[in-house]
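Whatever order the structure lists ligands and atoms in, that order sets their numbers, starting from 1.
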Amino acid sequence: MAVSLQKHMHNIITILLLSLILQSQSQQFSNELSPKSLGFKKEKLSHLHFYLHDIPSGNNPTAVRVAEAAMTNTSETSFGATVMFDDPLTIGPERTSKLLGRAQGIYAFADLNNFGLLMALNYVFVEGIYNGSTLSILARNSVMSPVREMSIVGGTGLFRFARGYALAKTYFLNTTNGDTDVEYNVYVLHY
Ligand SMILES: *[C@@H]1O[C@H](CO)[C@@H](O)[C@H](O)[C@H]1NC(C)=O
Ligand SMILES: *[C@@H]1O[C@H](CO)[C@@H](O)[C@H](O)[C@H]1NC(C)=O
Ligand SMILES: *[C@@H]1O[C@H](CO)[C@@H](O)[C@H](O)[C@H]1NC(C)=O
């Protein structure tokens, strides 16, 4: 009698343990994959060259101020001003040259003592093999420097696993209305 009860208990415990193991397998949270199983083979270094047009003026602005602080107007560095933009990226310096994509995001005056912007944006490409792919930038833009370096922190589509940097150089600035054309050289590692 005692032996059969013991056997019975043993079976119940075995079943409980098995179901626990099965449950933990069906709820598995992470597992290791080989990069090849998702088609990632060889890392590439790409160089992109384009012009960005930031147009705050006129009837069809591409950049609009969406927020500011009470102190922004008295701040020598416009601290707190926040601008949302959807700027065209073109192959040549003319605004009418072939459209490659858009730079969409925000820049905010984030430095109390110098002109310095926080940039949080995506390049959204619309041309050729890059159509639909994006690159993400999260960086400081030291706007008064002749060349500004910004970090690329990720990407999608052709730019999966992207990392790299962008170099920005002002090509044209209208100091009256703020319209700016910027030349970009982007260096990006991706798969
Ligand atoms: C800052 O100045 C602009 C333009 O002169 C004005 O429209 C805005 O109301 C001012 N903002 C504050 C918070 O005083
Ligand atoms: C880019 O992709 C979109 C959506 O798939 C498509 O409608 C558009 O025609 C494509 N543009 C070019 C230039 O290939
Ligand atoms: C700069 O902007 C002002 C004001 O909108 C305009 O009158 C002027 O023609 C612009 N200058 C250039 C070189 O585009």
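When heavy-atom distances to ligand 2 are checked against 4.0 Å, the residues falling inside are V126, E127, N131, ordered by chain and number.
Distances between N or O atoms of N177 and those of ligand 3 include at least one value under 3.5 Å.
In terms of heavy-atom proximity, L138 sits nearest to A120 at CD1-CB, 4.1 Å.
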Output a table of donor-acceptor pairs, distance under 3.5 Å, between side-chain atoms of residues 98-105 and any protein atom two or more places apart or on a different chain; print 'none' if there are none.
from : atom 1 : to  : atom 2 : distance (Å)
R102 : NE     : D86 : OD1    : 2.6
R102 : NH2    : D86 : O      : 3.1
Q104 : NE2    : D86 : OD1    : 3.3

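Between Y184 and Y123, the angle of the ring planes goes over 60°, which puts this pair in the perpendicular group of the 30/60° scheme. Aromatic ring orientation, Y51 versus H49: perpendicular (interplanar angle above 60°, classes split at 30° and 60°).
The ring pair (Phe, Tyr, Trp, His ring centres under 6.0 Å) pairs that include a residue from residues 55-80 number zero, where partners must be two or more places apart or lie in different chains.
The side chain to side chain contact (heavy atoms under 4.5 Å, CB included) search around I55 returns H53, S57, T62, R95, D179, not counting sequence neighbours.
Against a heavy-atom cut-off of under 4.0 Å, N174 is close to the following atoms of ligand 3: 1 (C), 2 (O), 3 (C), 8 (C), 10 (C), 11 (N), 12 (C), 14 (O).
In the displayed structure, N31 atom CG is contacted under 6.0 Å by more than 12 heavy atoms of other residues, nucleotides or ligands.
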